[in-house]
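Just so it is clear: chains get the letters A, B, ... in the order the sequence lines come, proteins before strands, and each one is counted from 1.
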Amino acid sequence: AQSVTQPDIHITVSEGASLELRCNYSYGATPYLFWYVQSPGQGLQLLLKYFSGDTLVQGIKGFEAEFKRSQSSFNLRKPSVHWSDAAEYFCAVGGTSGSRLTFGEGTQLTVNP
Amino acid sequence: GAGVSQTPSNKVTEKGKYVELRCDPISGHTALYWYRQSLGQGPEFLIYFQGTGAADDSGLPNDRFFAVRPEGSVSTLKIQRTERGDSAVYLCASGQGPNEQFFGPGTRLTVL
């Protein structure tokens, strides 16, 4: 069975500070990994995805994530956070094309001015 | 182009009633997914359509839940004899490429 763990329920950072959101997954084969962002009352927006190849992937809004197979991790990073980044972030894992996504419980990000 | 749309955006119903939630996918997308998101949780998979057929319905919690996609485009999620525990945001996603899922804004269902 596939699963995702996001250890941090809530993170607070200051604007301009760096950010790292943790994600650990469990999957029996090569995973497809995703990070989504959800703002209040909005749908999920895809930030980035990893299928294969370079383990450091770049996404939208200045986000990047690194796939580490040995640690079963796919942590999301941003060098300098903006106030508009305040939202809930979800890590997800999927398998073969067209299969379900399994999401973590999310990390709520608060950005202080 | 237009994204995934879902109607209604909010639905309030009474326990025991029947509800239908609609999803209009992005034009041309053959894959359609339904998820349910309870407060403070991540989305949970319900069902996946490839074209008109349900390729995976293993996430439906019980036989009160049913979904259709008769023409391979619009999908309707149907919930019979609603219970308070069904209250959640129901999300629809569509896609065309490998594991590509674009989400709609969701329908917030409240069962009183």
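Of all residues in residues 79-89 of chain A, none places a non-hydrogen atom less than 4.5 angstrom from a non-hydrogen atom of chain B. Heavy-atom proximity under 4.5 angstrom to chain B picks out A:L101, A:F103, A:G104, A:E105 from residues 101-113 of chain A.
Just one of B:I79, B:L109, B:D86, B:T110 meets the side-chain contact (heavy atoms from CB on, under 4.5 Å) condition when paired with B:T13; it is B:L109.
Geometrically, A:K78 engages A:F63 in a cation-pi contact defined by less than 6.0 Å to the ring centre and at most 45° from the axis.
When B:P105, B:G106, B:P43 are compared by the number of non-hydrogen pairs under 4.5 Å with chain A, B:P43 comes out ahead. Between chain B and the residues A:Q6, A:Q42, A:Q38, the most heavy-atom pairs under 4.5 angstrom are made by A:Q38.
For B:L39, the CG atom sits in a loose shell: 12 or fewer heavy atoms of surrounding residues, nucleotides or ligands are nearer than 6.0 Å.
No donor-acceptor contact under 3.5 angstrom links the side chains of A:S73 and A:N75, judged on distance only. Looking at B:Q50 and B:T30, their side chains do bring a donor and an acceptor atom within 3.5 Å of each other. At a cut-off of 3.5 Å, with distance as the only test, no side-chain donor of B:Q101 or A:K49 sits close to an acceptor on the other residue.
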(request) Determine, step by step, whether A:E20 and A:L76 satisfy the side chain to side chain contact (heavy atoms under 4.5 Å, CB included) criterion, reporting the C-alpha distance in whole Å, the side-chain angles of both residues, the deciding distance to 0.1 Å, and the verdict. (result) CA-CA 5 Å; A:E20 182 167 27; A:L76 181 71; over 6 Å; no

(request) Determine, step by step, whether A:Y32 and A:V93 satisfy the side chain to side chain contact (heavy atoms under 4.5 Å, CB included) criterion, reporting the C-alpha distance in whole Å, the side-chain angles of both residues, the deciding distance to 0.1 Å, and the verdict. (result) CA-CA 6 Å; A:Y32 293 74; A:V93 64; over 6 Å; no

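Salt-bridge formation is not detected for the pair B:E83/B:K15: no Lys NZ or Arg NE/NH1/NH2 atom is positioned less than 4.0 Å from an Asp or Glu carboxylate oxygen.
Aromatic ring centres of B:Y33 and B:F49 lie farther apart than the 6.0 Å criterion allows.
Only the side chain of B:Y35 comes within less than 4.5 Å of a heavy atom of chain A; its backbone N, CA, C and O stay farther away. Contact of A:L46 with chain B is not made at all, since no heavy-atom distance falls under 4.5 Å.
Panel note: side chain B:Q37, backbone B:G42; no donor-acceptor pair is recorded below 3.5 Å.
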